[in-house]
2 protein chains.
Amino acid sequence: MAEKSRPIAPKPLADFKVGVDNVIFSVDTEQNRLLVLLVMRQHEPYRDRWCLPGTLVRQGESLEESAYRILSEKIRAKNLYLEQLFTFGDIGRDPREDPDSYAVRYLSVSYFALVPFSQAELIADGVSGIAWYPVKQVPELAFDHNRILEYGHRRLRNKLEYSPVAFDVLPEAFTLSDLYQLYTTVLGENFSDYSNFRTRLLKLGFLSDTGIKTSRGAGRPASLYRFDAEAFAPFKNKPMVFI
Amino acid sequence: MAEKSRPIAPKPLADFKVGVDNVIFSVDTEQNRLLVLLVMRQHEPYRDRWCLPGTLVRQGESLEESAYRILSEKIRAKNLYLEQLFTFGDIGRDPREDPDSYAVRYLSVSYFALVPFSQAELIADGVSGIAWYPVKQVPELAFDHNRILEYGHRRLRNKLEYSPVAFDVLPEAFTLSDLYQLYTTVLGENFSDYSNFRTRLLKLGFLSDTGIKTSRGAGRPASLYRFDAEAFAPFKNKPMVFI
DNA sequence: ACAAAAGTGTTGCGGATACACCCATGC
DNA sequence: GCATGGGTGTATCCGCAACACTTTTGT
């Protein structure tokens, strides 16, 4: 035991600051674009680069509280969906870490959020840049944020396929076309035929027809539907498949 | 802007120590039991309580390296599967945090691991207790580790359904019954008929028959199969379904 | 009247379920 | 020979993709 259990003195523990970075998605159903919220960095490092909205965790604040805080500083949204994504802790992911001196480390706990585009109002504070960026046109971001975004994008696609997040991001009453558009813009053109998508969802029985019709330009008016959380209950934790 | 942008001075940043806790699963195919690795705590807090094997992250060590370090301190395993699970950062989750004084916080990044029971050798250092516990009989653990375990268990069930983790936990060559037993003990009795399970997997074409037969007691000897990673390649990232 | 969008119906194929049945071995 | 576990075959059912078709509106 003497030789093996204490070969060399172990290195001392690392000290961390913990950041929370949010990948906030929204879908512009008008233009069929998937958007992500970016902010312009005001300070070094990576000054004047776009990045995901983030913050460092303060005393007495949980991770999730921290995530909600940034969110509410950037955006006024009624409904939203939020969940933890991944924790990035590689050494050297933040240039403020001096690789030689074993100074404080920076950890990033990323969160994934989905907000309704129509009900989300960006908070411009007049100083910092903030904007919805089409995911397809995102530039090179600060830190490892491109990687985080990529990770969030993957999660979004999965979530949409097997869970009812779509209804967190749609207005209370929506047409089946709205729903279909949402799926199409996130999952790509050819994920399903419209009429089959329609039949499948209606058969599941958790979309209730409000009876109200809405007309958008030419064409036959569409029924407005509502997501019935009660009727959905039996599907909870079941492997849903919308695709 | 004067009144609104600086309502009160924000609280100072929290300082963190970061822990890594591993939920290490294994399956005893002989006895059809799902096992989790627990260790006995040697120090306060929660002295003499079982907990998940964990450690605090050291200087110059990434999260994943940290996870592998504990793993290799507790267990000698040939193959294994490891992935990040979730990060727990609620205030007060570690009693070493004084809730009144804003002292250092303890964050736990949990990892999920799966090791082959037959090839995994526990490292008893003569001092600390370490044992495989049937998941159904796990006692009350230190910290919030029951919650972490619960979370890991859910992930395991999902993983098994839509990804080939099973082959990381089985020996190189295995019978189709072995595979079936594994699924049954993790997913529950009635997830599928044996013969259908068999046909489905063989049709997928990434299990290659070695031609070798093995006899275990009475009954017709079974063929040993091997997981063919190359033949599996096309299924990567596709929504696999084994269930 | 005609285009545009919503909504319905029909058909054929493939995969999953539920079995019944054959095969090789130990005792 | 018979129990035990391994392995194969088959009939049926259900879901779903593809696509044709009908309905209701705006212009």
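Letters go in sequence order (proteins before strands), and every chain restarts at 1. Not measured: the values here are computed from a predicted model. Computed from heavy atoms alone, side chains included, the values below leave out hydrogens, waters and symmetry copies.
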Base, sugar-phosphate, or nothing for A:Thr175, non-hydrogen atoms under 4.0 angstrom? nothing
A:Leu176 CG - C:dG7 P separation (whole Å): 6 Å
Taking all heavy atoms of A:Phe112 and all of A:Gly152, pick out the closest pair and write down the distance. CE1-O, 3.6 Å
With nearest nucleotides of DNA chain C determined for B:Asn196 and A:Leu202 from heavy-atom distances, which residue corresponds to the more 5′ nucleotide? A:Leu202
Scan side-chain atoms only and decide if B:Tyr183 and B:Gln181 contain a donor-acceptor pair under the 3.5 Å cut-off. no
I need the CG-P distance between A:Leu179 and C:dA6, as an integer number of Å. 12 Å
With a 4.0 Å cut-off on heavy atoms, is B:Ser223 in touch with a base, just the backbone sugar-phosphate, or nothing at all? sugar-phosphate
5'-most by nearest nucleotide on DNA chain D - A:Ser195 or A:Lys213: A:Ser195
Using the ring of B:Tyr151 (Phe, Tyr or Trp, six-membered ring only), decide whether B:Arg154 places NZ or CZ under 6.0 Å from its centre and within 45 degrees of its axis. yes
Any N or O donor-acceptor pair linking the side chain of A:Ser192 to the base of D:dC16 at under 3.5 Å? no
Nearest 0.5 angstrom please: B:Phe235 CZ to B:Ser163 OG, how far? 14.0 Å
Give the rounded distance in Å between these two atoms: CZ of B:Arg200 and P of C:dA18. 12 Å
Send over the distance from A:Phe191 CZ to D:dC16 C1', rounded to a whole Å. 14 Å
Whole-Å distance between D:dG6 P and B:Arg198 CZ? 9 Å
When all nucleic acid strands are considered with a 4.0 Å heavy-atom cut-off, which category describes B:Thr199: base, sugar-phosphate, or nothing? nothing
How long is the line joining OH of B:Tyr194 and C1' of C:dA20, in whole Å? 17 Å
Take the protein atom CG of A:Asp193 and the nucleotide atom P of C:dT10, then report the distance between them rounded to whole Å. 16 Å
In whole Å, I'd like the distance from the CZ atom of A:Arg220 to the P atom of D:dT22. 13 Å
Is it true that atom CD of A:Glu172 has more than 12 heavy atoms of other residues, nucleotides or ligands lying nearer than 6.0 Å? no
Taking 4.0 Å as the cut-off, does a side-chain nitrogen or oxygen of B:Ser177 come that near to OP1 or OP2 on D:dG6? yes
